[in-house]
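I have placed the structure first, in the form of structure tokens, so that the comments after it can refer back to it.
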Amino acid sequence: MFTFFNSESLWIGFEMDRFNQIRGILDNNSIPYKYKVRNHLGQFSGRGTIRGAKGSFGNPTEQMYQYEILVYKKDFEQAKFLI
């Protein structure tokens with residue numbers, strides 16, 4: 001089970017293609033991983049979401065989602081080498 005104490009962030013970025021490429025590499029090498037997807041425009045800002053309060057005009061769609069891939073600390077060096 002992935003926890004804050006036994007995992008490390010391998011990659012953080014906005015490119016979905018790179019995100020899927022790294023996941024494929026980890027799958028092919030049997031390295032367990034966990035991923036998180038964050039929608040920054042959907043964050044709560046007091047009186048609703050940022051998108052609801054200010055709209056999404058001017059925000060590039062390719063930067064709407066941030067992707068993060070986590071691996072176990074014991075597998076981090078091998079995973080970093082592979083990507």
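The figures here come from the full heavy-atom set of this structure, side chains too, leaving out hydrogens, waters and symmetry mates.
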- [ ] Drop me the distance from Trp11's CH2 to Tyr67's OH, to the nearest 0.5 angstrom.
- [x] 8.0 Å
Open item on the list: Checking Phe76 now: which residues fulfil ring-ring contact (aromatic ring centres under 6.0 Å, His included) with it, not counting sequence neighbours?
Closed with: none
Task: For the student: nearest non-hydrogen atoms of Leu26 and Ala79, plus distance - done: CD2-CB, 3.8 Å
TODO: Can you measure from CG (Asn29) to CD1 (Ile83) and round to the nearest 0.5 angstrom?
DONE: 11.5 Å
Open item on the list: Would you compute the distance between atom CD1 of Ile22 and atom CD1 of Ile31 and round it to the nearest 0.5 angstrom?
Closed with: 11.5 Å
Open item on the list: Would a single hydrophobic cluster contain both Met16 and Ile25, if residues Ile, Leu, Val, Met, Phe, Trp and Tyr are joined by side-chain heavy-atom contacts under 4.5 Å?
Closed with: yes
- [ ] Using a 4.5 Å cut-off on heavy atoms from C-beta on, say whether the side chain of Phe81 contacts that of Glu77.
- [x] no
Task: Residues that Glu68 engages under salt bridge (charged side-chain N to carboxylate O under 4.0 Å, His left out), provided they are two or more places apart - done: Arg38
Task: Partner residues of Ser30 under the side chain to side chain donor-acceptor pair (under 3.5 Å) criterion, sequence neighbours left out - done: none
Task: Side-chain hydrophobic cluster, 4.5 Å single linkage: members besides Tyr72 - done: Phe2
Task: Asn6: partners by side chain to side chain donor-acceptor pair (under 3.5 Å), with sequence neighbours left out - done: Thr3
Open item on the list: Tell me every residue that passes ring-ring contact (aromatic ring centres under 6.0 Å, His included) with Tyr33, counting only those two or more places apart in sequence or in another chain.
Closed with: none
Open item on the list: For the CD atom of Glu15 and the CD atom of Gln66, what is their distance to the nearest 0.5 Å?
Closed with: 10.5 Å
Task: Ile69 reachable from Val37 in the ILVMFWY side-chain graph, under 4.5 Å edges - done: yes
Task: Shared hydrophobic cluster for Leu10 and Leu82 (ILVMFWY, side-chain gaps under 4.5 Å) - done: yes
